[in-house]
Undergrad: 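Just dropping this structure here.
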Amino acid sequence: MTPPDLTLLPERLSRLSELAHDLSWTWNAGREVFRRLDYLRWKQSAHNPVLMLRQMDVAVLERAANDPDFLAAYDRALLTMDAWRAPANGHARTYWQTKVGAPVERPGGAPDRIVAYFSAEFALHQSLPIYAGGLGVLAGDHCKEASDLGIPFVGVGFMYPQGYFRQRVSADGWQQEVYERLNWADAPIAKAQTHDRKPCVVAVPLGIRTVLVQVWEVRLGRVRLLLLDTDLEQNQPWDRELSARLYSGGQDMRLQQEVVLGLGGVLALRALGLTPAVWHLNEGHAAFVVLQRLRDALANGATWETALVEVRRTTVFTTHTPVPAGHDAFPFNLVEQQLANCWGSMGEERDHFLALGTYDNGAGPQFNMTALAMRSAGAINAVSQLHGDVTREMFAPLWPDLAPGDRPVGAITNGVHVPTWVAGDLGKLFDRHMGAQWRDRYDEPAFWTAVFDIPDEELWAVRRSLRESLFEFVRERARVRFAEENAGTARVVAGGAMLDPHALTIGFARRFTAYKRPDLIFRHPARLAQLINNQKHPMQLVFAGKAHPADDGGKHHLQNIFRQALDPAFGGRVAFVDDYDLHVAHLLVQGCDVWLNNPRKPLEASGTSGMKAAMNGVPHLSIGDGWWAEGYTGDNGWRIDGGLTDADHAAVDDADADALYRLLETEVVPRFYERSTKGVPTRWMATVKHSIATVTPRFCTRRMVKDYIERAYAPSFRK
Ligand SMILES: *Cc1c(COP(=O)(O)O)cnc(C)c1O
């Protein structure tokens, strides 16, 4: 199909393409525009308006241009977008302006100082597949909230043309990774331009050569993202592949990517005339930012000591995992090799720099990216209160003289972006009963008592319709795999074709890896089968998630789930939905009845999918790990607690599985099926309401980013 020339958009809709290229449509009035424009194409494109517009029928566009209802939605969306982009004059002041002050603008409109936020992945929308999982979702939600709060903010990451991977599962349940090249024209990105309107390209020293990096840009309301890409003709073929995929290749590839992200990111910001007052490193992947900044300071005549003091004053570091292998560490010879061209300007400071990253995590001293970040950041935080305790313990050798409570690691518990994750229909229900002001006040805990005044029937009706949307999607995906990929019966059955749209549905979706124990619920198959096959009160399980391509252990867990789904003992009521991404995540966290999370404590730093579910009235059934250790109140969900922590894995798993079954048998199932004369599960709705009212205000990115502003960003701006 030849794409229509977008310059041929009807005059009245001439800014439709601009709207599609600003991803803030994903959480504001723009969404309604694209839904209305052509609902079928909207669904077929997995909600990608850029792709949709390229395939649009001109007649449909003409019709829309003459439809008053459509035009009203279109004008409303443009107004929102323009108001956001305009300087504050005449508009309501943003949170940032009130708390920190209005950014001073430079000629050309850029703020004089920014927060630069570095992350190896960003999950903004399924049409931009540059994320693998939780870390990316957190980064994406952080950027969206930065836009809402009006922070002068720029994200820096990678444009991976082949993304992470698309997941398929073979007929015997083994994960297949499919790499598709992104069609750039279908993604909401553009080449970043320097002040003289040239494409922004920077040269990064890597090994004994120089690699050119193209800078792309994504608009996201008030903020933007810069994405680095090495696929330039001038580069060697192997260097062009450097940014092709996320988290693939061996250690050497990973190290080279991290050099490009750290050094290239700093150079890109400078080339675009942006001056960070705060450098926020999201996880250790970006810690080489520190190296480039030290090089710059030394080149400008600073001493090592003054350079490091300045870097520390302005660097913020967030650490994300209590799993030791989750922290990148490289052998020194690799680091020496890849940084060969960097040392030139560093002279004898090189040894000082290597010392910043030197750390022994049990496998002998290595160059550890987390250690580098921790030794060069002035503000360090973990992502839940419990994770704070674990991190202070885990990295104790960095501060040999300090008692645990004095080690400089704080905790800012994660959150999720409410307008992104709360279902549209639920939001409209809140509008009707709490007023549209809920959209500005959702981080106020007291405000949410109003949820208890919503009639149970109405909330239950929304919950049921969200469950129906999930089942419609699951069936359609199984049908498409059957029709288009010739999937055999095994894949169709395991894909959920026999699920019961009325049964209590337990969701479990996250990365497949051992510590998350995806198969814990199958520990006693007979006991589980009794729950699932109960004639009057059936239960069913829906799983989704990817295993890292190199994690065979994770793939075995996935295969086990797939085999369980095919076991007739579970009657077709266990399903595995393939290719988990943001789109599938939305449907699952909104459409299930209960969200299950059973990691081996304390290995889940925070977890965020449970927050998304809980705010949609899908109560959390979870080990008291990560955010749930502080989120559980006694009546907003359930805490699985087998009572064992120090015993061996098998004993802990047995105890936790037993506790899980007991909760399902005695609490969850009876409560769900106890119905009033009107058919409403009254006691269940009480749990649903507590879940919404307690989780939304405390575990939203609004609360989280305000914490970052107060504790990590504002101090540097106020100086
Ligand atoms: C929210 C989300 C995650 C993170 O979920 P956890 O519960 O933190 O494991 C991963 N992947 C996708 C697609 C998500 O939306």
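Quick caveat: nothing in here was measured; it's all calculated off a predicted structure. Atoms within each ligand, like the ligands themselves, are counted from 1 in listed order.
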Undergrad: Do you know which of Asp707, Asp443, Asp148 makes salt bridge (Lys or Arg N to Asp or Glu O under 4.0 Å) with Arg702?
TA: Asp148
Undergrad: Can you find a side-chain donor-acceptor pair between Gln564 and Asn560 that sits under 3.5 Å?
TA: yes
Undergrad: Heavy-atom distances under 4.0 Å are what count here, so tell me which part of Thr608 touches ligand 1: side chain, backbone, both or neither.
TA: both
Undergrad: Which of the numbered atoms in ligand 1 are under 4.0 angstrom from any heavy atom belonging to Gly607?
TA: 8 (O)
Undergrad: Does any donor atom in the side chain of Gln590 or Ser469 lie under 3.5 Å from an acceptor atom in the other side chain?
TA: no
Undergrad: What do you reckon, are the aromatic ring centroids of Phe430 and Trp448 less than 6.0 Å apart?
TA: yes
Undergrad: Strictly under 6.0 Å, is that where the ring centroids of Phe543 and Phe508 end up?
TA: yes
Undergrad: Indicate, as side chain, backbone, both or neither, the part of Val584 found under 4.0 angstrom from ligand 1 when only non-hydrogen atoms are considered.
TA: neither
Undergrad: Below a 4.0 angstrom heavy-atom separation, can you tell me which part of Ala585, side chain or backbone, both or neither, approaches ligand 1?
TA: side chain
Undergrad: Does the gap between the ring centers of His620 and Tyr632 come in under 6.0 Å?
TA: no
Undergrad: Please list the nearest protein heavy atom to atom 5 (O) of ligand 1 with its residue and the distance rounded to 0.1 Å.
TA: Ser609 CB, 3.5 Å
Undergrad: Can you list the atoms of ligand 1 that are under 4.0 Å from a heavy atom of Asp581?
TA: 13 (C)
Undergrad: Give a yes or no on whether the ring-centroid distance for Phe395 and His327 is below 6.0 angstrom.
TA: yes
Undergrad: Heavy-atom distance to atom 2 (C) of ligand 1: which of Met611, Lys612, His586 wins?
TA: Lys612
Undergrad: Under a 4.0 angstrom heavy-atom cut-off, which atoms of ligand 1 come close to Val137?
TA: 2 (C), 12 (C), 14 (C), 15 (O)
Undergrad: Short list, please: which atoms of ligand 1 are under 4.0 Å from a heavy atom of Lys516?
TA: 9 (O)
Undergrad: Side chain or backbone of Trp421 under 4.0 Å from ligand 1, or both, or neither, by non-hydrogen atoms?
TA: side chain
Undergrad: Could you list which atoms of ligand 1 come closer than 4.0 Å to a heavy atom of Gly134?
TA: 3 (C), 4 (C), 10 (C)
Undergrad: Where is the nearest protein heavy atom to atom 11 (N) of ligand 1: which residue, which atom, and how far?
TA: Tyr580 CE2, 3.4 Å
Undergrad: Under 3.5 Å, side chain of Asn636 to main-chain N/O of Gly631, donor-acceptor pair present?
TA: yes
